[in-house]
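Presented below is the structure to which this report refers.
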Protein chains: 2
Amino acid sequence: MTQEGQTGSKRRTRGARRHLGAPTIADVAREANCSPMTVSRVINSEGNVRDATRNQVMAAIAKLNYSPNRAARSLAGGEQVRIALLFDNPSASYLSEFLMGALEEASRRDVQLVVQSCEDVSSAKQLVRNLAEGGIRGFILPPPLCDDQDVLNLVAELDAIAVAVGPGRAAGSQGAVLIDDFQAAYDMTMHIIGLGHRRIGFIIGNPEQVAADRRLNGYLAALRDSKIEVDERLIVQGRFTYRSGMDGAEKLLSVEPRPTAIFASNDDMAAATVAVAHRRHLDVPNDITVCGFDDTDMASSIWPELTTIRQPIREMTAWAVGAITRMIRAKLHGEKVRPEQETLPYVLIRRESDAAPSLAQSRTRGQSPTRGKSN
Amino acid sequence: MTQEGQTGSKRRTRGARRHLGAPTIADVAREANCSPMTVSRVINSEGNVRDATRNQVMAAIAKLNYSPNRAARSLAGGEQVRIALLFDNPSASYLSEFLMGALEEASRRDVQLVVQSCEDVSSAKQLVRNLAEGGIRGFILPPPLCDDQDVLNLVAELDAIAVAVGPGRAAGSQGAVLIDDFQAAYDMTMHIIGLGHRRIGFIIGNPEQVAADRRLNGYLAALRDSKIEVDERLIVQGRFTYRSGMDGAEKLLSVEPRPTAIFASNDDMAAATVAVAHRRHLDVPNDITVCGFDDTDMASSIWPELTTIRQPIREMTAWAVGAITRMIRAKLHGEKVRPEQETLPYVLIRRESDAAPSLAQSRTRGQSPTRGKSN
DNA sequence: CTGAAAGCGCTAACAG
DNA sequence: CTGTTAGCGCTTTCAG
């Protein structure tokens with residue numbers, strides 16, 4: 001096609017080093033009848049290009065099926081942006097979503113990702129130190145790392161940038177992307193109430209994670225707004241683990257009269273609740289509704305599948321990579337960096353673990369001493 | 001600021017574009033009193049360098065704390081190696097291990113990774129086509145993709161290279177890394193037998209995955225070698241899903257006399273078995289031993305935690321990236337590529353779901369009332 | 001065994 | 001708005 005001859009300049013003088021005929025920016029330029037620089041401008045969507053020119057270039061790009069060479073780009077562009085993903089909480093399902101989001105965006109933006117898991121906060125701090133020393137200028141931090149002020153301070157001290165993914169709450173001066181845990185828990189509770197439930201148990205998460213608190217508050221607020229009196233016995237402490245969920249569920253299911261629904265503040269605890277209910281020969285959802293939070297793998301692995309809240313972790317991480325990249329590049333250009341923040345929408349995923357309370361239970365609900373067990 | 005005609009002494013006259021003072025190969029050369037070329041040779045451990053020179057260079061490298069610039073390397077080195085990770089089976093725990101292994105190795109070897117998930121085999125084939133067109137020369141394929149001959153053929157046809165991670169079996173002409181599923185299932189069964197069990201139920205996996213078969217065979221072989229007669233009623237078909245595990249477990253636990261142990265060929269089904277056992281008020285492991293396979297997240301999330309077989313997925317994927325990179329580079333250099341294969345060691349992870357059969361059960365079991373077991 | 005020269009593909013900086 | 005020029009840091013080629 002493109003008459004690959006020696007046009008003007010020094011094409012193919014000694015093409016020995018050209019391994020593959022992948023089109024370069026120069027090829028595009030020739031095709032589009034302009035200079036490579038203009039092509040570069042178009043690719044990087046800089047402003048100063050006439051529309052007509054831009055279109056020509058775009059057409060040429062499409063025609064040649066051109067795609068920029070990353071290596072060349074970062075070589076020429078000066079410093080390669082490298083950012084680290086740290087995590088302390090290797091819940092596999094979280095992690096894989098987290099990684100996918102980051103990977104995708106990182107490859108799109110041509111930043112290099114360093115993925116590191118660490119044992120605890122103190123080892124995290126050491127890691128941050130090492131990485132910063134190794135030239136890492138940005139850190140993406142999921143909970144619980146991003147809820148630890150020490151870690152945040154250290155990053156700042158090292159003149160690096162941190163973005164929190166799904167922190168308990170957004171500190172004002174901090175880059176962060178999150179969902180509204182409070183509102184999500186509120187919505188879920190409202191959903192359960194809407195089903196007709198009045199006695200709704202709640203299992204609190206790990207007190208060390210701020211999100212746990214916000215979820216509890218959402219639950220509380222929904223009860224309040226629905227004029228349902230809070231029964232202290234229906235709120236038990238958990239730690240986000242399956243085991244703690246079992247203990248919590250045992251307690252909750254022993255309360256008289258029994259709750260007709262249990263909202264566990266994560267999926268692991270909800271799964272445990274289902275198990276305990278089954279052990280007591282309670283059918284889920286007919287005898288008891290169980291809802292979770294997070295939409296981890298487990299939520300859809302067990303049976304019945306869990307109604308839960310999905311955090312768009314992938315999108316959140318992608319956003320985080322984008323934001324941190326912008327911030328680092330701004331910094332590299334000597335501009336002032338202002339921390340970006342974003343709240344992304346969650347989704348209430350309705351599956352098979354929730355239903356209206358059965359008649360028998362409704363009767364039971366108030367205070368009547370008769371158990372009225374249905375089965 | 002342009003008069004730089006002289007060759008040898010190019011000082012930092014115009015470091016305008018130099019963003020950071022990272023030492024370059026030229027700095028090392030100056031320090032080591034040789035040419036950049038020699039330094040390059042040392043870094044790439046090519047043969048032709050005198051020991052004395054090499055040592056000088058090494059010293060200089062150490063002194064300056066030099067580390068090569070990846071972008072420059074791949075730019076100059078010709079083709080950038082890009083490989084794709086495809087998967088059809090987004091089990092989160094598998095995925096995250098898979099990604100971690102790949103990421104790490106990819107960054108070490110400076111290859112670019114493209115991660116793609118796909119819906120089914122036919123969409124996978126389309127993806128492979130697109131990616132190959134986009135210059136991807138290597139594909140890393142986990143099951144079930146790597147068990148599909150069509151996909152494999154397509155990759156070959158497109159003149160790309162595929163490496164299978166944990167395929168059911170290694171086709172001779174295929175790059176692959178796997179564990180010995182047969183031997184692992186054999187070992188697990190032997191472990192259970194060693195505990196004193198004789199009536200051991202087995203839940204088969206998805207018949208479409210070759211590994212399912214090999215696991216079954218391992219179980220069978222262990223029984224045979226232990227002179228335990230196979231009871232057909234104790235072998236039920238599953239599909240690797242939680243739900244199918246529940247069904248299988250229900251069947252198994254209804255057999256008279258009841259098995260004292262159940263070996264499910266993956267963790268999801270094992271978890272389901274535990275749930276069913278609990279529903280029947282059977283204690284795990286005191287009333288019944290339950291073992292899984294894979295060591296997914298779920299194995300250690302539920303209670304009791306599962307005794308299972310761990311595939312070193314991370315290491316496997318890392319190996320796959322290494323192998324495929326070698327193969328592609330060989331091909332680029334016009335050498336003949338011979339598909340590499342590797343079998344990595346698995347680990348039997350003993351947790352809390354297995355125990356010796358109780359006395360009561362032993363009496364029930366086959367015919368001999370005496371345990372005769374040593375422990 | 002070693003080095004000089006010539007780029008790899010792209011972009012920053014400065015002209016027009 | 002567009003083009004020119006000079007590299008980014010490294011490796012290939014080819015000549016000592």
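Labels below follow one simple rule: chain letters A, B, ... track the order of the sequence lines, proteins then strands, and each chain is numbered from 1.
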- Does B:Pro339 have any side-chain contact (heavy atoms from CB on, under 4.5 Å) partners at least two apart in sequence or in another chain, and if so, which? B:Met327

- Message: Using side-chain contact (heavy atoms from CB on, under 4.5 Å), reason through B:Trp319 and B:Glu340 one step at a time and then give a plain yes or no.
- Response: CA-CA 10 Å; B:Trp319 183 91; B:Glu340 307 186 28; 3.9 Å; yes

- Which nucleotide sits closest to the side chain of B:Ile25: D:dT11, C:dC1, D:dC8? D:dT11

- Spatial distance of atom CZ (B:Arg137) from atom CD1 (B:Ile324) [nearest 0.5 Å]: 12.0 Å

- Residue whose nearest DNA chain C nucleotide is more 5′ - B:Asn33 or B:Ala72: B:Asn33

- Message: I need the CG-P distance between A:Asp27 and C:dC8, as an integer number of Å.
- Response: 11 Å

- Query: Roughly how many Å is it from CG in B:Asn69 to C1' in C:dC8, rounded to a whole number?
  - Reply: 13 Å

- Item | Value in whole Å for how far the C1' atom of C:dG9 lies from CZ of A:Arg30 | 13 Å

- Distance, rounded to the nearest Å, where A:Leu64 contributes CG and C:dG9 contributes P: 14 Å

- Please list residues of residues 35-42 of chain A whose heavy atoms come under 4.0 Å from any atom in DNA chain D, ordered by number; otherwise none. A:Ser35, A:Met37, A:Thr38, A:Arg41

- Message: As a test of reading the structure: which of C:dC10, C:dG7, C:dT2 is closest to the side chain of A:Ala76, going by heavy atoms?
- Response: C:dC10

- Is there a side-chain contact between B:Val151 and B:Phe139 (heavy atoms, below 4.5 Å)? no

- Beyond-backbone contact of A:Ile136 with A:Val114, side-chain heavy atoms, under 4.5 angstrom: yes

- Item | Atom-pair distance (CD on A:Gln56; P on D:dC1), nearest Å | 15 Å

- Could you give the CD1-to-P distance, from B:Ile61 to D:dC10, as a whole number of Å? 10 Å

- Among D:dC1, C:dC8, D:dC10, the one nearest any side-chain atom of B:Leu75 is C:dC8

- Task: Test A:Leu85 against A:Gln116 for side-chain contact (heavy atoms from CB on, under 4.5 Å), laying out the working first.
- Result: CA-CA 6 Å; A:Leu85 259 92; A:Gln116 283 275 3; over 6 Å; no

